[in-house]
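The shown structure was predicted, so the numbers you read here are calculated from the model rather than taken from an experiment.
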Amino acid sequence: MPVLLAFLLLLCTLSLQTQAESPYSQGGWPTLHYDAGNRRAVDVDILEYEYDSWDALAGASVLTAPVTSPDGQQLYVTTGLPRGNSNLHALTINGKILWQSGPWRDASEGIDPCALLSSPIVDHEGDIYIGDCNQLFAYRPDGTMKWVTDLPPVQPDDWVAAGEHPVNALTTAVFTTEVYVLGVTNFGDVVLVDPETGMVLNEPYRLPTLLSPYSELFPLPDGLLSGGLVDAQFREWIWQLIFGGSMRSANTPAISSDNRVFLVGSSTQEGIGALIGLDLDTTTQPAAIHEAFITDIGIGSGSSPALAPDSDEAYVCDEEGWFYGVDTHSGAINWKIKTRATAGAAAVGKDGVVYALQNAPEPVIAISPEGRILWQGDLSSVSSGLPSSWLLGEPTGSANGNPVVTDDAVLVPVAFGYKLPIIDVMVPVTSHVVALDLKTGKALKLIVSLPDDSSGVTGVLPNGTLVNSLGAVTSSAVAQLKPFADLLLPGDLEVLTARGGMQVSTPRQE
């Protein structure tokens with residue numbers, strides 16, 4: 001056999017082995033941020049498509065990404081509904097509910113509302129893993145429970161987040177390269193779990209950092225996620241988790257190809273955040289966890305880390321808009337730049353360009369791997385379809401979800417509406433997924449319209465299907481203003497009604 005042909009066959013074999021050994025489902029979108037590095041970059045072109053959409057689970061906020069089965073035909077999504085309701089739902093790709101978890105009743109029965117801020121993760125065999133306030137669950141694809149195990153208990157100095165209900169929740173779990181399930185709870189407990197038995201494999205370990213202070217960056221809006229969108233007892237916990245307040249960890253870890261774990265949480269110094277690198281030693285029984293580094297960043301810790309394509313650098317943003325590139329081997333800060341980026345997780349393209357959500361008229365900022373600003377997004381080239389108002393002025397757009405990178409665009413959900421006079425609050429009237437040009441950041445087109453604000457991630461499946469969470473954060477926060485604002489809006493326009501749920505948009509068949 002010619003040497004070149006033999007070499008190519010070897011590469012093909014190794015590639016197939018690598019794919020087969022991946023712990024994640026190959027069905028399209030198996031975890032919150034798409035892959036173990038939290039990069040949210042997919043090999044799909046989407047600009048050519050027109051879409052037909054359906055939605056489901058109206059009446060319940062969906063804040064994290066619905067995920068897919070290995071064949072891409074089932075979706076799994078979490079909610080935060082009150083007692084007596086199910087909070088894990090399995091649907092077909094066409095919108096039919098297949099099964100739901102048993103209703104939650106107390107701390108030991110059912111999946112409780114903390115699942116709202118935790119995407120399920122799906123392994124290569126199709127089993128589903130999901131955490132809530134105090135437990136980690138595993139389900140078979142048909143909805144039968146595989147196992148359930150307790151998370152570490154609340155300790156005396158931990159924040160009491162939801163009255164008598166114990167809350168030491170983990171945000172989205174991850175698979176390690178050794179195919180264990182790893183989770184980090186709000187108060188910094190790390191658990192390494194056998195996916196077959198649910199047995200906790202590591203010795204007890206809590207991050208050696210301080211609890212972050214209670215976040216008062218923005219007061220909890222009275223109407224936020226009210227009206228049954230989530231269990232009212234958990235609204236304060238949700239708000240604090242969004243800003244990383246009163247916790248050690250409020251984000252999804254990332255894992256490099258050499259099995260180092262990265263998470264953003266509080267620091268050993270009061271009032272600031274840190275990027276933390278952890279190493280796992282599974283050669284001992286029980287397994288041991290060691291700190292590789294703790295690198296301080298600025299105020300806040302509400303950002304999941306995203307890794308460079310080669311995992312040599314981690315990207316994170318603090319609450320003041322400082323954006324950091326950190327060496328994943330040493331923990332040294334390679335660069336930092338001042339932006340208007342929010343603390344949401346960044347996306348990383350295959351070329352290493354980093355894309356972050358901005359709390360500004362420019363919805364996304366693009367940063368080179370060396371820390372140079374390449375562009376800031378521009379929505380002016382697309383029409384929201386909203387007219388100018390003599391009272392409220394021109395309509396404006398506000399991005400409200402983490403960006404996703406496809407082969408031909410950057411996707412970001414944007415709510416369009418008007419700023420109310422005096423109080424300077426933007427009320428949303430329409431909501432869309434917008435495509436931005438990869439090279440310039442200019443808006444190319446409105447891809448699909450959404451019935452509510454997203455407040456989450458746009459999943460992109462291999463055939464171009466879009467899966468959107470409908471968190472209803474913005475629409476519910478301004479719901480009390482709606483009767484007054486509707487009178488001020490031009491024509492028969494109305495403020496978006498907070499309805500929640502999820503939307504799936506499939507490419508139209510011509």
Side-chain angles (χ1 to χ4, degrees), residues 29 51-68 74-104 110-120 130 221 223-235 238 400-401 413-417 427-433 447-459 461 465-483 485-486 493-506:
W29 201 276
Y51 286 91
D52 295 312
S53 301
W54 58 262
D55 63 86
L57 301 177
S61 175
V62 175
L63 281 172
T64 60
V67 298
T68 53
Q74 295 185 30
L75 297 164
Y76 307 108
V77 59
T78 57
T79 53
L81 294 171
R83 279 183 174 84
N85 291 279
S86 300
N87 283 314
L88 173 63
H89 315 267
L91 301 88
T92 69
I93 196 67
N94 298 316
K96 176 185 176 182
I97 292 181
L98 292 172
W99 55 264
Q100 301 180 94
S101 59
W104 86 276
I111 297 177
D112 64 39
C114 288
L116 174 72
L117 284 168
S118 178
S119 278
I130 180 65
L224 181 85
L225 300 179
S226 59
L229 289 166
V230 303
D231 187 313
Q233 187 180 18
F234 293 83
R235 290 174 62 248
I238 293 167
N400 57 60
V414 176
F416 293 94
V427 291
V429 176
T430 63
S431 180
H432 300 267
V433 175
I447 300 293
V448 296
S449 62
L450 303 173
D452 202 344
D453 68 85
S454 172
S455 307
V457 174
T458 302
L461 306 190
T465 292
L466 308 181
V467 183
N468 281 96
S469 59
L470 302 175
V473 170
T474 303
S475 57
S476 66
V478 301
Q480 293 176 324
L481 297 173
K482 178 174 167 55
D486 285 348
L493 295 179
E494 294 184 359
V495 175
L496 279 177
T497 298
R499 51 169 290 166
M502 59 177 287
Q503 176 172 292
V504 174
S505 305
T506 55

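Between the OG atom in S469 and the CG atom in L450 there is a gap of 9.0 Å [rounded to 0.5 Å]. Taking CG from L224 and CG from L229, the interatomic distance works out to 9.0 Å, rounded to the nearest 0.5 Å. Note that OG of S101 and CG of L88 are 5.0 Å apart. Values are rounded to the nearest 0.5 Å. Going from atom CG of L116 over to atom CG of N87 covers 8.0 Å, rounded to the nearest 0.5 Å. Between the OG atom in S119 and the CD1 atom in I130 there is a gap of 7.0 Å [rounded to 0.5 Å]. Rounding to the nearest 0.5 Å places OG1 of T78 at 8.5 Å from CD1 of I111.
Put simply, the side chain of V467 does not reach to within 4.5 Å of the side chain of W29, judged on heavy atoms.
In plain terms, the two heavy atoms of M502 and L75 that are nearest each other are CE-CD1, 3.8 Å. In this structure, R235 and V230 approach most closely via the heavy-atom pair CG-CG2, 3.9 Å. V414 approaches N400 most closely through the heavy-atom pair C-ND2, 3.9 Å. When every heavy atom of L225 is checked against every heavy atom of S61, the shortest pair comes out as CD2-OG, 3.7 Å.
Classified by interplanar angle (parallel below 30°, tilted 30° to 60°, perpendicular above 60°), the ring pair W104/F234 is perpendicular.
Side-chain atoms of D453 and S455 include a donor-acceptor pair closer than 3.5 Å.
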